[in-house]
Amino acid sequence: MINMMPISIDNQTFMAISVQLPKTNLLAVASEKGYIMCGALDVGLLNDTLRDRRILAGRAIGVKTIEELLNAPLETVTWEAEEKGIHRGMIGRKALMKMI
């Protein structure tokens with residue numbers, strides 16, 4: 001099942017997306033400029049193979065719900081995210097606020 005719903009953080013609207021798959025869930029929260037995602041996100045691919053796209057993204061691992069994703073420290077971020085002041089260890093919701 002795929003679930004999409006708007007969520008509000010500090011009066012800003014983001015889109016939360018969860019995809020239920022066998023034995024795992026894919027989780028993402030996106031703004032118009034970037035997103036945070038669960039451990040399935042391949043930051044290396046975004047930084048290397050898709051470097052020309054300058055994707056603004058971060059990955060948190062070990063999260064099972066959107067709420068956990070919002071409150072988890074990011075384990076890795078793209079180079080584009082680093083340029084915007086988003087860094088490893090930053091909480092997901094704080095990173096999203098830098099993506100508006």
Exercise. Where is the tightest heavy-atom contact between Val63 and Ala72, given as atom of each residue plus distance?
Worked result: CG1-CB, 3.6 Å
Exercise. So how far is it from Asp10 CG to Thr13 OG1, rounded to the nearest 0.5 Å?
Worked result: 11.5 Å
Problem set entry | Donor-acceptor contact present, side-chain Arg93 to main-chain Asn71, <3.5 Å | no
Exercise. Where the side chain of Ser31 meets the backbone of Met99, is there a donor-acceptor pair that is under 3.5 Å apart?
Worked result: yes
Exercise. Do Arg88 side-chain atoms and Glu75 backbone N/O form a donor-acceptor pair below 3.5 Å?
Worked result: yes
Exercise. Between CG of Leu46 and CG of Leu50, what distance do you get to the nearest 0.5 Å?
Worked result: 6.0 Å
Seminar exercise, completed: For Ile66 and Ala28 the tightest heavy-atom approach is CD1-O, 3.8 Å
For this session: State, with a plain yes or no, whether a side-chain heavy atom of Met97 is found less than 4.5 Å away from one of Ile9.
Result: yes
Seminar exercise, completed: NZ (Lys33) and CG (Leu96) are apart, to the nearest 0.5 Å, by 13.0 Å
For this session: Group every Ile, Leu, Val, Met, Phe, Trp and Tyr by side-chain heavy-atom contacts under 4.5 Å, then state whether Tyr35 and Ile100 land in the same group.
Result: no
Problem set entry | Residue pairs, two or more places apart or on separate chains, that pass side-chain hydrogen bond (donor to acceptor under 3.5 Å, both in side chains) and touch residues 77-86 | Arg54-Glu80, Arg54-Glu83
Exercise. To the nearest 0.5 Å, what is the distance between CD1 (Ile36) and CZ (Phe14)?
Worked result: 9.0 Å
Problem set entry | Path from Val43 to Ile55 over hydrophobic side-chain contacts below 4.5 Å | yes
For this session: Provide the closest heavy-atom pair for Gly89 versus Pro73 in the form atom of the first, atom of the second, distance.
Result: O-CB, 3.5 Å
Problem set entry | Leu69-Leu21 co-clustered via ILVMFWY side chain contacts under 4.5 Å | no
Problem set entry | Heavy-atom neighbours of Asp52 CG exceed 12 at 6.0 Å | yes
Exercise. Between Ala95 and Leu74, which heavy-atom pair has the shortest distance, and what is it?
Worked result: CB-CD1, 3.6 Å
Exercise. Distance from Thr65 atom OG1 to Leu70 atom CG, nearest 0.5 Å?
Worked result: 8.0 Å
Exercise. Given Gln20, which of Asn25, Asn3, Ile2, Leu26 fulfils the side chain to side chain contact (heavy atoms under 4.5 Å, CB included) condition?
Worked result: Asn25
For this session: Please step through side-chain contact (heavy atoms from CB on, under 4.5 Å) for the pair Ile17 and Val29, ending with a clear verdict.
Result: CA-CA 6 Å; Ile17 304 144; Val29 180; over 6 Å; no
For this session: Evaluate side-chain contact (heavy atoms from CB on, under 4.5 Å) for Val77 paired with Leu56, printing each intermediate quantity in order.
Result: CA-CA 8 Å; Val77 300; Leu56 182 58; over 6 Å; no
Seminar exercise, completed: Distance col, row Thr76:OG1 vs Ile61:CD1, nearest 0.5 angstrom, shows 7.5 Å
